[in-house]
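Worksheet: the structure to be examined is printed underneath.
Just follow the structure's listing: the first ligand is 1, and inside any ligand the first atom is 1.
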Amino acid sequence: MADAADAEAFAAEVGGFPIILKTVRGGYDGKGVWFVRTPEDAHEAFLAGVQVLAEEKVDFVRELAANIVRSPHGQAVAYPVVESRQVDGVCDTVIAPAPDLDEELAGQAQELALRIAKELDVVGHLAVELFQTTDGRILVNELAMRPHNSGHWTQDGAITSQFANHVRAVLDLPLGDPRPRAPWTVMCNVLGGDYPDMYSAYLHCMARDPQLKIHMYGKDVKPGRKVGHVNTYGDDLDDVLERARHAAGYLRGTIVE
Ligand SMILES: Nc1ncnc2c1ncn2[C@@H]1O[C@H](COP(=O)(O)OP(=O)(O)OP(=O)(O)O)[C@@H](O)[C@H]1O
Ligand SMILES: [Mg+2]
């Protein structure tokens, strides 16, 4: 796409606005993704001065991710397919496994990820971000050839984490068991809030929920920046979700008690 006129022509081709424009390089956490509803919106994307590509806007019911690991000698393992929820283009919550996902569709998603890895000769971890469409199909959104945010839950929720399996694959060692340890695991990202010092919030969360696993990255805290994540797991999805959301919100400062 060279300019807004190109974007308009693309929109006409695919049945009209909205369309999505994306930077071809360096995008992450929704940065470099423009939801374009009008020709004026398209101008904004081109003002950034980066090369962009256009996509049809997909009507999805939810976003899923299939995480697999493949080693040079051809061994591969597939983690359960997860649901990934974004807020303002940033991954907020991951639920493992994706609730109410048809077993056949889950199997198709895992097979798709394994096939992509084989055909691209991937060594290590591959995350395939997917859209589950309103008519029950799965479409690939994005590929990440590395441990990925949609696999952070495996650190505490799977027998072998994505990080351990990635290293095993790179060293061509036998891969570890990818199965979950509990019926449900939830990961919530911790975004920076208004307070740069999270230490007292951290203590509160540890004391309030001894089963909670907190992973902070040691980054400077800036509003909206991903600075860590929390994992919870257990038998009851509502409870597991509530505990993860509470901790992530408390650490960010959006929940005060
Ligand atoms: N074609 C599309 N149709 C509808 N929504 C889309 C489309 N492409 C992207 N999105 C939405 O925007 C989000 C971010 O897009 P995408 O995953 O391509 O970018 P990203 O910024 O590179 O994200 P990541 O941090 O995962 O690498 C998606 O998770 C989805 O919610
Ligand atoms: Mg993405």
If you consider just the N/O/S atoms, which atom of E129 is the closest one to the Mg ion (ligand 2)?
OE1
I need the minimum non-hydrogen distance between V190 and A248, along with the two atoms involved.
CG2-CA, 4.3 Å
Polar contact flag, side-chain donor to acceptor under 3.5 angstrom, H229-N149
no
Will you find, in the side chains of S150 and N67, an N or O donor that is under 3.5 Å from an N or O acceptor?
yes
Using the ring of each side chain (for Trp, its six-membered ring), is H246 parallel, tilted or perpendicular to H204, with breaks at 30° and 60°?
tilted
Contact table ligand 1 N or O to protein N or O, d under 3.5 Å:
from     : atom 1 : to   : atom 2 : distance (Å)
ligand 1 : 1 (N)  : E55  : OE1    : 2.9
ligand 1 : 1 (N)  : E56  : O      : 2.9
ligand 1 : 3 (N)  : V58  : N      : 2.9
ligand 1 : 8 (N)  : K22  : NZ     : 3.1
ligand 1 : 17 (O) : E129 : OE1    : 3.0
ligand 1 : 17 (O) : N141 : ND2    : 3.0
ligand 1 : 17 (O) : E142 : OE1    : 2.8
ligand 1 : 18 (O) : K22  : NZ     : 2.7
ligand 1 : 21 (O) : D29  : N      : 3.3
ligand 1 : 21 (O) : G30  : N      : 2.6
ligand 1 : 22 (O) : E142 : OE2    : 2.9
ligand 1 : 25 (O) : D29  : N      : 2.6
ligand 1 : 25 (O) : D29  : OD1    : 3.4
ligand 1 : 26 (O) : E129 : OE2    : 2.8
ligand 1 : 26 (O) : E142 : OE1    : 3.2
ligand 1 : 27 (O) : E142 : OE1    : 3.2
ligand 1 : 27 (O) : E142 : OE2    : 3.1
ligand 1 : 29 (O) : E63  : OE1    : 2.6
ligand 1 : 31 (O) : E63  : OE1    : 3.4
ligand 1 : 31 (O) : E63  : OE2    : 2.7

Please report the shortest heavy-atom distance between W184 and P97, naming the atom on each side.
CZ3-O, 3.1 Å
Looking at Y233 and T185, what are the two nearest heavy atoms and their distance?
CB-OG1, 3.6 Å
Residues joined to M145 in its hydrophobic cluster, side chain to side chain under 4.5 Å directly or through other members, sorted by chain and number, are L64, I68, V81, L101, L105, L112, L114, I116, L120, V122, L126, V128, L130, I138, V140, L143
For E142, the N, O or S atom at the shortest distance from the Mg ion (ligand 2) is OE1
